[in-house]
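Shown next, in structure tokens, is the structure this report addresses.
Source: prediction; values computed, not measured. Letters A, B, ... mirror the listed sequences (proteins, then strands); counts begin at 1.
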There are 2 protein chains.
Amino acid sequence: MENHDKQDLYLVCPYVTAQKVVAGKWAVVVLHHLSGGTLRFGQLQRLMPGLTQATLTKQLRALESSGLVRRQVYPQVPPRVEYSLTPIGQAFRPVLDSIAQWGEKYIAYMQQR
Amino acid sequence: MENHDKQDLYLVCPYVTAQKVVAGKWAVVVLHHLSGGTLRFGQLQRLMPGLTQATLTKQLRALESSGLVRRQVYPQVPPRVEYSLTPIGQAFRPVLDSIAQWGEKYIAYMQQR
DNA sequence: CCGAATCCTTGAAGATACTG
DNA sequence: CAGTATCTTCAAGGATTCGG
């Protein structure tokens, strides 16, 4: 997910770019929760039962390296790590909102069949 | 991608729902192109060099079974197959728009570093 | 022209166990 | 508390070939 030559459309087509960033299965859910404000690792985990620590860590690292999430470590015992959205991560909120709206519509539409 | 029990959040959390529908690597790009109007298979393919026939077919079938895309076959020789957005597929346009806007922002942001 | 049918490779996702 | 470190699995993505 790091190496991009001229052949792929990363950093050319915005849809491809977004696809890559949000590719992770839990990416949008994480971004949604973080759009409500800074959260600790454990808080995020409790908000999303269904993924393991390892999976959540990987997803957060991916979002961090994409530049959407900031990871702040407080050198304490016990450890304390806080996650929050960067400015470009905050800019993703309109996408989250429209996804939520469409998702509701889609759920309703699917249930009435 | 068909079987959903109560344990996953499909048809519960709109973000998870959207994630599943748009999971395919080319899903949003296809939806984007179709949002401009009906297109034949070959036209779609020409718009997206970089994926093979087989891959495009699979992606289109996935979107069709999700209910976002309609597939219309004209029994001719040579064959003619047209793809278009269903109503719920049309409803996805706001998401596409916000994705495009954010994607542009992200690309600009990444290039200036 | 628009696929279907195979086979293959890759890597994301998760389960599990251990640690500063 | 917030991770690492492995191992396994499973299906998406793609290459290739064939067909109506």
Side-chain angles (χ1 to χ4, degrees), chain A residues 1-5 7-10 15-16 19-30 33-34 38-66 69-84, chain B residues 1-5 7-10 15-16 19-30 33-34 38-66 69-84:
Chain A
M1 207 201 276
E2 289 77 34
N3 219 356
H4 306 287
D5 47 53
Q7 293 180 327
D8 75 5
L9 297 171
Y10 185 68
Y15 300 104
V16 175
Q19 147 67 24
K20 296 224 175 189
V21 169
V22 175
K25 185 172 175 180
W26 300 96
V28 286
V29 184
V30 167
H33 286 308
L34 289 182
T38 300
L39 288 175
R40 298 185 56 171
F41 184 88
Q43 294 180 301
L44 271 171
Q45 203 181 346
R46 260 170 268 125
L47 287 170
M48 295 180 291
L51 41 41
T52 60
Q53 281 185 342
T55 303
L56 179 55
T57 298
K58 281 184 214 161
Q59 181 64 77
L60 285 167
R61 294 305 161 99
L63 288 171
E64 188 192 7
S65 83
S66 295
V69 164
R70 171 170 35 224
R71 177 169 178 266
Q72 182 132 10
V73 182
Y74 298 87
Q76 304 175 348
V77 177
R80 173 189 185 86
V81 181
E82 287 185 349
Y83 292 91
S84 57
Chain B
M1 205 200 275
E2 291 75 35
N3 218 357
H4 306 286
D5 47 51
Q7 291 178 328
D8 74 4
L9 298 171
Y10 186 67
Y15 300 104
V16 174
Q19 147 67 23
K20 297 226 176 191
V21 170
V22 176
K25 186 172 173 181
W26 300 95
V28 286
V29 184
V30 168
H33 286 308
L34 288 182
T38 300
L39 287 176
R40 297 185 57 173
F41 184 88
Q43 295 179 302
L44 271 171
Q45 202 181 348
R46 260 168 268 126
L47 286 170
M48 296 180 289
L51 39 44
T52 62
Q53 282 184 342
T55 304
L56 178 56
T57 298
K58 281 185 211 160
Q59 180 64 77
L60 285 167
R61 295 304 162 99
L63 288 171
E64 187 191 7
S65 83
S66 295
V69 165
R70 173 172 34 227
R71 177 171 178 266
Q72 183 133 9
V73 182
Y74 297 89
Q76 304 176 348
V77 176
R80 173 190 183 85
V81 182
E82 288 185 348
Y83 294 91
S84 57

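- Atom CZ in Arg70(B) sits 14.0 Å away from atom CG in Leu63(B) (nearest 0.5 Å).
- Distance Lys58(B) NZ to dC8(C) C1': 11 Å, rounded to the nearest Å.
- Atom CZ of Arg71(B) is separated from atom OG1 of Thr57(B) by 8.5 Å, given to the nearest 0.5 angstrom.
- Rounded to the nearest 0.5 angstrom, Glu82(A) CD and Leu44(A) CG are separated by 11.0 Å.
- In this structure, Leu56(A) places its CG atom 17 Å from C1' of dT16(C), rounding to the nearest Å.
- Residues Gln43(B) and Arg46(B) are in side-chain contact: their nearest non-hydrogen atoms beyond the backbone lie under 4.5 Å apart.
- Between Arg40(A) and the phosphate of dC1(D), there is no side-chain N or O to OP1/OP2 separation shorter than 4.0 Å.
- Nearest to the side-chain atoms of Leu51(A) among the listed nucleotides dG14(C), dG13(D), dA2(D) stands dG14(C).
- Residue Thr57(B) is classed as a sugar-phosphate contact, given heavy-atom separations below 4.0 Å to backbone atoms only.
- You'll find the side chain of Leu39(A) reaches within 4.5 Å of the side chain of Leu47(A), heavy atoms only.
- Interface residues of residues 69-84 of chain B facing DNA chain C, ordered by number: Arg71(B), Pro78(B), Pro79(B), Val81(B), Tyr83(B); criterion, heavy-atom separation under 4.0 Å.
- In this entry the distance linking CD of Gln45(B) with C1' of dG3(C) reads 10 Å, nearest Å.
- Atom pair Met48(B):CE and dG14(D):P shows a separation of 11 Å (rounding to whole Å applied).
- At a threshold of 4.5 Å between non-hydrogen side-chain atoms, the residues Phe41(B) and Leu60(B) count as touching.
- Distance, Gln59(A) CD to dA2(D) P: 18 Å, rounded to whole Å.
- To the nearest 0.5 Å, atom OH of residue Tyr74(A) and atom CZ of residue Arg40(A) are 9.5 Å apart.
- Atom CD of Glu64(B) is separated from atom P of dA4(C) by 10 Å (rounded to the nearest Å).
- Atoms CZ (Phe41(A)) and P (dG20(C)) sit 18 Å apart, rounded to a whole Å.
- The side-chain heavy atoms of Gln19(B) and Val29(A), taken from C-beta on, include no pair separated by under 4.5 Å.
- The line from NZ of Lys20(B) to NZ of Lys25(A) is 5.5 Å long, rounded to the nearest 0.5 Å.
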Identify the pairs formed between an N or O of the protein and an N or O of nucleotides 16-18 of chain D at a distance under 3.5 Å, and give each distance.
none

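- Comparing dG14(C), dG14(D), dG3(D) by their closest approach to the side chain of Trp26(B) singles out dG14(D).
- At whole-Å resolution of the value, CG in Leu60(B) and P in dC1(C) are 17 Å apart.
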